[in-house]
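As structure tokens, the structure follows; a few thoughts come after it.
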Amino acid sequence: MPTVPPESPSRSWSRTVDDLAGGWRQRSLWGHLGWQDIKQRYRRSVLGPIWITISMAVTAVALGILYAGLFGNSLADQLPYILVGFIVWGFISGCILEGADVFIANEGLIKHLPAPLSVHVYRLVWRQTLLFAHNMIVYLVMLVIFPQPLSATVLLAIPAFALLMVNGAWIAVLLGIITTRFRDLTPITQSLVQLLFFMTPIVWIYEDFLASENPAIAERARLAEINPFLHFLEIIRRPLLGQEQHLRHWVVVLVIAVVGWAAALFVLRRYRSRVSYWV
């Protein structure tokens with residue numbers, strides 16, 4: 001009978017798990033690199049990373065005023081909705097866009113620094129977390145100007161953001177490896193993220209369209225449930241705005257996390273050893 005060839009050590013599940021665990025153990029390395037990324041981006045700037053917050057705040061306020069007038073909503077309703085949506089979308093889109101280039105951008109380190117690939121993924125997620133924390137300053141200012149009916153459920157924003165981080169990590173692993181091999185996917189990813197921004201309820205209020213007196217509009221609005229980014233936004237935006245929680249959003253995000261990590265681990269297992277050649 002023909003014998004089954006032994007599995008290549010570089011493609012074993014133990015090597016895959018060791019990569020993720022080894023990367024996590026090097027928290028001091030990717031934590032320092034993440035801080036340096038932020039500092040380097042705003043080197044010689046007087047306000048430094050605060051420019052991140054100012055830029056996001058100006059855009060959100062401008063769109064809040066614009067869409068409040070277009071949809072006939074009060075600024076007190078429209079602006080907080082858009083502002084929190086922008087903050088969360090910034091983290092999601094950052095993980096996707098930078099995740100597509102996470103290994104290509106770190107070509108030098110991958111070739112010359114003997115470190116697990118996951119170090120670069122953790123560094124990316126940590127950097128996006130720092131940007132998210134900077135932008136939350138605008139949210140706190142917004143609470144002073146437009147108080148929200150917050151309750152103890154606001155604490156759900158913490159596990160919600162943890163879920164965003166978990167999903168951001170597998171997206172970076174999966175996209176990073178695939179786009180390293182197929183470079184044409186990077187501009188495609190950028191175009192898709194830009195398109196999904198308009199298809200996701202960030203500047204338009206989902207519930208308003210569902211409650212429309214026009215049944216055709218209400219029916220089409222329900223199609224937004226197909227968009228997974230709706231659920232990622234809602235699990236953190238609703239507690240931050242003191243709104244009622246819906247279990248389906250959490251279930252969808254959890255299912256996506258499980259399926260996404262299963263796919264990411266499979267790809268990491270098969271192609272981890274080839275990334276250094278592809279970059």
Side-chain angles (χ1 to χ4, degrees), residues 10 12-43 45 48-53 87-136 158-181 186 189 193 232 236 257 260-279:
S10 63
S12 65
W13 285 111
S14 61
R15 290 286 185 90
T16 304
V17 174
D18 287 344
D19 188 289
L20 294 172
W24 181 254
R25 284 193 294 269
Q26 297 190 29
R27 293 186 292 275
S28 59
L29 173 62
W30 52 260
H32 174 73
L33 290 175
W35 274 109
Q36 289 303 312
D37 290 339
I38 301 296
K39 292 180 179 179
Q40 186 69 20
R41 184 181 301 183
Y42 294 94
R43 187 179 59 176
S45 171
I50 299 299
W51 278 115
I52 304 169
T53 304
I87 294 173
V88 180
W89 180 256
F91 180 86
I92 295 173
S93 62
C95 288
I96 297 174
L97 295 175
E98 294 190 17
D101 288 329
V102 64
F103 300 127
I104 299 172
N106 291 286
E107 174 185 356
L109 290 176
I110 290 174
K111 289 183 175 180
H112 300 101
L113 180 66
L117 282 180
S118 59
V119 164
H120 308 292
V121 174
Y122 293 137
R123 174 186 178 182
L124 183 155
V125 176
W126 171 238
R127 181 170 64 247
Q128 291 301 321
T129 301
L130 293 175
L131 295 175
F132 180 88
H134 278 93
N135 288 334
M136 284 298 289
I158 298 175
F161 183 70
L163 270 177
L164 290 186
M165 295 174 67
V166 169
N167 280 280
W170 76 254
I171 288 173
V173 170
L174 186 62
L175 269 182
I177 293 177
I178 294 175
T179 54
T180 300
R181 177 63 180 87
T186 299
T189 301
V193 169
F232 282 99
I236 190 168
W261 265 110
L265 289 173
F266 174 78
V267 171
L268 184 63
R269 172 179 175 266
R270 285 190 61 85
Y271 303 111
R272 180 182 59 83
S273 59
R274 302 185 187 182
V275 171
S276 59
Y277 298 98
W278 290 341
V279 295

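Predicted model, so just to flag it, every value in this text is computed and none were measured.
- Among residues two or more places apart in sequence or in another chain, the side chain to side chain donor-acceptor pair (under 3.5 Å) test is passed with W170 by N167.
- In this structure, L97 CG and I171 CD1 are separated by 10.5 Å, a value rounded to the nearest 0.5 Å.
- Pairs engaging residues 159-180 under the salt bridge (Lys or Arg N to Asp or Glu O under 4.0 Å) rule: none recorded [sequence neighbours left out].
- Between L265 and L20, the closest side-chain pair of non-hydrogen atoms falls below 4.5 Å.
- Applying the side chain to side chain donor-acceptor pair (under 3.5 Å) test to S118 and every residue at least two apart in sequence or in another chain returns D19.
- For the atom pair OG1 of T179 and CG of L174, the computed distance is 9.0 Å after rounding to the nearest 0.5 Å.
- Under the side-chain contact (heavy atoms from CB on, under 4.5 Å) criterion, N135 pairs with I52, T53, M56, I87, sequence neighbours left out.
- The distance from the CZ atom of R181 to the CZ atom of F103 is 15.5 Å, given to the nearest 0.5 Å.
- Among residues at least two apart or in separate chains, salt bridge (Lys or Arg N to Asp or Glu O under 4.0 Å) pairs with a member in residues 109-118 are E107-K111.
- Here the shortest heavy-atom pairing between G23 and P116 reads N-CG, 3.6 Å.
- Taking every heavy atom of both residues into account, W261 and V166 meet most closely at NE1-O, 3.0 Å.
- Taking NE2 of H120 as the start and CD1 of I104 as the end, the distance is 13.0 Å to the nearest 0.5 Å.
- Here salt bridge (Lys or Arg N to Asp or Glu O under 4.0 Å) pairs that include residues 112-129, with residues two or more places apart or in two chains, are D37-R123, D37-R127, E98-R127.
- By the 4.5 Å heavy-atom criterion applied to side chains, W89 and V193 are counted as neighbours.
- L29 is linked by a side-chain contact (heavy atoms from CB on, under 4.5 Å) to Q26, L33, L113, V119, counting only residues two or more places apart in sequence or in another chain.
- Evaluation of the ring-ring contact (aromatic ring centres under 6.0 Å, His included) rule for F161 yields F91, F132 as partners, not counting sequence neighbours.
- Closest approach of N106 to V102, counting heavy atoms only: ND2-O, 2.6 Å.
- No side-chain heavy atom of V88 sits under 4.5 Å from any side-chain heavy atom of F232.
- The CG atom of L175 sits 8.5 Å away from atom OG1 of T186, with the distance rounded to the nearest 0.5 Å.
- Scored by the ring-ring contact (aromatic ring centres under 6.0 Å, His included) test, W278 finds Y271 as partners (sequence neighbours excluded).
- In this structure S276 satisfies the side-chain contact (heavy atoms from CB on, under 4.5 Å) test together with I110, sequence neighbours excluded.
- Every ring-ring contact (aromatic ring centres under 6.0 Å, His included) that Y122 has, sequence neighbours left out, goes to W24, W30.
- Here the OG1 atom belonging to T129 is positioned 9.0 Å from the CG atom belonging to L124, to the nearest 0.5 angstrom.
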